[in-house]
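Beneath this line is the structure, given in structure tokens, with notes to follow.
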Amino acid sequence: MPGSHNDNRLEKIYRSGMILTLAWPAISKLSGKPIPRIAITDYDRMTMDVDGEGSPFDLGRKRTTTFKSFGMTLVESSPGKEVLDHKWIRQTPHQAPPCEGILALYNRGDRRRWYWPCPHCGEFFEGTFDLLRWPDTEDILEAGEKAMMFCPHCSPTTGVLIEFFRRKWMNERGVWLREGEKIDKHGNRSGTPVRSDIASFWLKGVAAAFSSWQTLVVNYLKAKQEFERTGSQEALKSTVNTDQGEPFFPMGTGSLRLPEELKARARDFDKGKVPADVRFLMAHIDVQKNRFEVQVHGISPGRPYNIVVIDRFPIIKSNRVDEDGERLWVKPSAYPEDWEQIITEVMEKEYELEDGSGFMPVMMTFCDSGGREGVTTNAYNFWRKLRSEGNGLEKRFLLVRGDSTPNAPRAQLTYPDSTRKDRVAGARGEIPVLQFHPNLLKDSLDNMLERREEGSTVMWPEWLPDEWFQELTVEQRTAKGWENPAKRRNEAWDLLYYCIGSCVFKGVERIDWTPFFETWQLAGHYPAILDDRTGGKAARD
């Protein structure tokens, strides 16, 4: 319609009488008036419970009821919601995994998939990323350029693959098949299709018009490299969801890991001694009701690095004494002076080198700053005390806390300000606090624990108690993230993911260890015992 008031950002009125309204998923927009046509885009990136009233689809569908068969609600999205059951087994060929969002709606419908004919044998099949084949080469671009499609009907016997340029021909002859339908090479359909009042369609990325097989393979291989290098699954999740059009199953769930299996993989390390290939030490502290749990980790060269557990001990007794002169229990939430034991028992501690040539100090200490009421205040005051002493100890001590915001980075340095929060703790924006994303870092830890070979793994000594191995197995990956359903002790798990977060913050993933590996190969042993000409001793220094 003429006039600027008929054409604005959120509403457009046409001469035909049609009114187009652009809105967001709020209950005020999805209730109170009849609407004949509703289109909801990028469904999996919005809340599935609008102001406690239900899903956007069901609320939107209700608005079209007045128009009966003339009403329609359209929803589109790439998958983005977590799989609710990682042990799910497919019951029918077209069934999607149990998820919220678009795949839940797909399962409620008649579940149509896109089938296309093979240009060689003529049989129809559904194209998926799993059917792509590419050469095993270190050149990712070459792998993408030579990607071809595997036909499950003829390729196993003939070995013939389908080139990308044939996709246009295949799509032009493709058909949508509902759950229960079949089609032969002549185009004849058979079977009893599922009936539903929802027509649901699932198109995989390999058939999408604006996505090439080369792009799919390159993005996947790059994301896989990042996962192998850092343990982070975010890039893999992104390419599986948005490029391939598939739900993402995390690489590990932690639920199948057994303490005895972990204990069987323990190494013969001397207690409290630093193995020859360790480059530096970091200590990590978990604050409990009546103790500090301390774990010291060594970082050694790898791809990108290895973690070696050097020591694990609690700080239980304080320097306070009772009437009989007996030392009292540590109370981190109640007594600020108890925190000072971290200086002598952790920060100033040194560990003997395995070869007996000297000692290695703890380079930096990271300590939890959350928990019972009073812990955060005492943690902040302890950092202020380190700074006031003027010897630079505050530069070797950093407080940490968790941040499970979905889009938060794995690790980022923040400065809490009492004008916004932490008012009770008295933060004024001067205290650095390292925020960790627990789920992302625990995914990385889960991956490292699964690896048996050195390169990006965790190694631990035989002298650790059985309880330590149990602490690594209590958390499980769910749709909501990593959880401890039985509420058992899990300090070993938490302290290891603190270590990974610290490595992210310190840039350990970006260290070029090439000189180390070259020296190691030439000398036949670790460079820690070589002279300065090899760079080994310099690396240790």
Side-chain angles (χ1 to χ4, degrees), residues 259 262-288 290-302 305-319 327 330 332 338-368 382 393 396-400 441 445 448-449 454 457-473 489-503 505-506 508 526 528 540:
L262 295 173
K263 187 173 183 179
R265 291 161 50 189
R267 307 293 184 94
D268 184 18
F269 295 150
D270 292 335
K271 185 174 184 178
K273 291 189 177 182
V274 181
D277 59 336
V278 168
R279 301 294 94 189
F280 58 89
L281 302 178
M282 293 191 293
H284 297 85
I285 304 174
D286 191 19
V287 181
Q288 297 294 323
N290 55 3
R291 68 187 187 280
F292 295 102
E293 282 291 341
V294 184
Q295 200 157 279
V296 179
H297 304 104
I299 305 301
S300 65
Y305 60 88
N306 296 311
I307 297 175
V308 184
V309 178
I310 303 296
D311 201 1
R312 166 69 182 274
F313 61 91
I315 301 177
I316 298 176
K317 293 298 184 70
S318 71
N319 292 326
R327 296 177 64 184
V330 164
D338 289 355
W339 286 73
E340 297 180 20
Q341 293 180 237
I342 293 176
I343 300 175
T344 56
E345 299 191 38
V346 183
M347 298 177 66
E348 295 179 347
K349 197 164 186 176
E350 295 185 343
Y351 289 86
E352 185 180 1
L353 302 181
E354 188 180 54
D355 59 9
S357 62
F359 294 83
M360 182 178 289
V362 173
M363 180 191 76
M364 196 161 184
T365 299
F366 299 82
C367 181
D368 180 22
F382 176 63
L393 278 180
R396 295 175 47 212
F397 180 84
L398 194 56
L399 296 169
V400 304
L441 295 175
L445 173 57
M448 293 182 73
L449 290 175
E454 295 184 25
T457 188
V458 181
M459 294 174 278
W460 46 81
E462 293 176 333
W463 51 263
L464 287 167
D466 292 346
E467 293 77 15
W468 189 88
F469 300 98
Q470 293 171 353
E471 291 171 10
L472 291 180
T473 62
R489 288 189 58 176
N490 64 343
E491 290 92 335
W493 173 262
D494 280 348
L495 292 168
L496 277 171
Y497 100 72
Y498 285 0
C499 181
I500 295 176
S502 304
C503 288
F505 169 67
K506 298 296 290 182
V508 178
Y526 294 122
R540 173 171 290 276

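- With sequence neighbours excluded, the residues forming a ring pair (Phe, Tyr, Trp, His ring centres under 6.0 Å) with Phe366 are His284, listed by chain and number.
- Interatomic distance, Trp468 CH2 to Trp463 CH2, rounded to the nearest 0.5 Å: 9.0 Å.
- Checked by atom type and distance alone, the side chain of Arg327 pairs as donor or acceptor with a backbone atom of Lys317 at under 3.5 Å.
- Residues satisfying the ring pair (Phe, Tyr, Trp, His ring centres under 6.0 Å) test with Phe292, not counting sequence neighbours, are Trp339.
- Put simply, the side chain of Asn306 gets close to the backbone of Thr457: a donor and an acceptor are under 3.5 Å apart.
- The shortest distance between side-chain heavy atoms of His297 and Val309 falls below 4.5 Å.
- Remark: of the listed residues Leu399, Val294, Asp368, Val294 is the sole one forming a side-chain contact (heavy atoms from CB on, under 4.5 Å) with Ile285.
- Lys349 places a side-chain heavy atom less than 4.5 Å from the side chain of Phe313.
- For the side-chain hydrogen bond (donor to acceptor under 3.5 Å, both in side chains) test, no residue two or more places apart in sequence or in another chain qualifies with Glu340.
- Pairing each heavy atom of Met282 with each of Cys503, the nearest pair is CE-SG, 3.7 Å.
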What's the verdict on side-chain contact (heavy atoms from CB on, under 4.5 Å) for Phe505 and Val400, showing C-alpha distance, side-chain angles and the deciding distance?
CA-CA 11 Å; Phe505 169 67; Val400 304; over 6 Å; no
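- Of all heavy-atom pairs between Ile307 and Cys499, the closest is CD1-SG, 3.8 Å.
- Side chains of Trp493 and Leu449 form a contact here, defined as non-hydrogen atoms less than 4.5 Å apart.
- For the residue pair Ser318 and Val330, the shortest heavy atom distance occurs at N-CG2, 3.6 Å.
- To the nearest 0.5 Å, atom CD of residue Glu352 and atom NZ of residue Lys271 are 14.5 Å apart.
- Of all heavy-atom pairs between Pro259 and Phe469, the closest is O-CB, 3.8 Å.
- Here CD1 of Ile315 is found 12.0 Å from CZ of Arg291. Values are rounded to the nearest 0.5 Å.
- Rounded to the nearest 0.5 Å, atoms CD1 (Ile500) and OH (Tyr305) are 5.0 Å apart.
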Verdict with supporting geometry, Val362 and Met347, side-chain contact (heavy atoms from CB on, under 4.5 Å):
CA-CA 6 Å; Val362 173; Met347 298 177 66; over 6 Å; no
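- Closest approach of Ile310 and Gly298 over heavy atoms only: CG1-N, 3.6 Å.
- Considering all non-hydrogen atoms of both residues, Pro275 and Glu354 come closest at CA-OE1, 3.8 Å.
- Between Thr365 and Arg396 there is no side-chain heavy-atom pair separated by less than 4.5 Å.
- Residues Ile299 and Arg279 have side chains not in contact (no heavy-atom distance under 4.5 Å, counting atoms from C-beta outward).
- Here the OG atom belonging to Ser502 is positioned 8.5 Å from the CE atom belonging to Met363, to the nearest 0.5 angstrom.
- Residues passing the side-chain hydrogen bond (donor to acceptor under 3.5 Å, both in side chains) test with Arg312 are Glu293, Gln295, Glu471, sequence neighbours excluded.
- Side chains of Tyr351 and Val278 form no contact here, defined as non-hydrogen atoms less than 4.5 Å apart.
- Checked against side-chain hydrogen bond (donor to acceptor under 3.5 Å, both in side chains), Asp466 has the following partners two or more places apart in sequence or in another chain: Lys263.
- Taking CG of Asp286 as the start and CG of Leu495 as the end, the distance is 5.0 Å to the nearest 0.5 Å.
- In this structure a side-chain-to-backbone donor-acceptor pair under 3.5 Å is present from Trp460 to Leu262.
- In this structure, the side-chain hydrogen bond (donor to acceptor under 3.5 Å, both in side chains) partners of Glu345, at least two apart in sequence or on a different chain, are Gln341.
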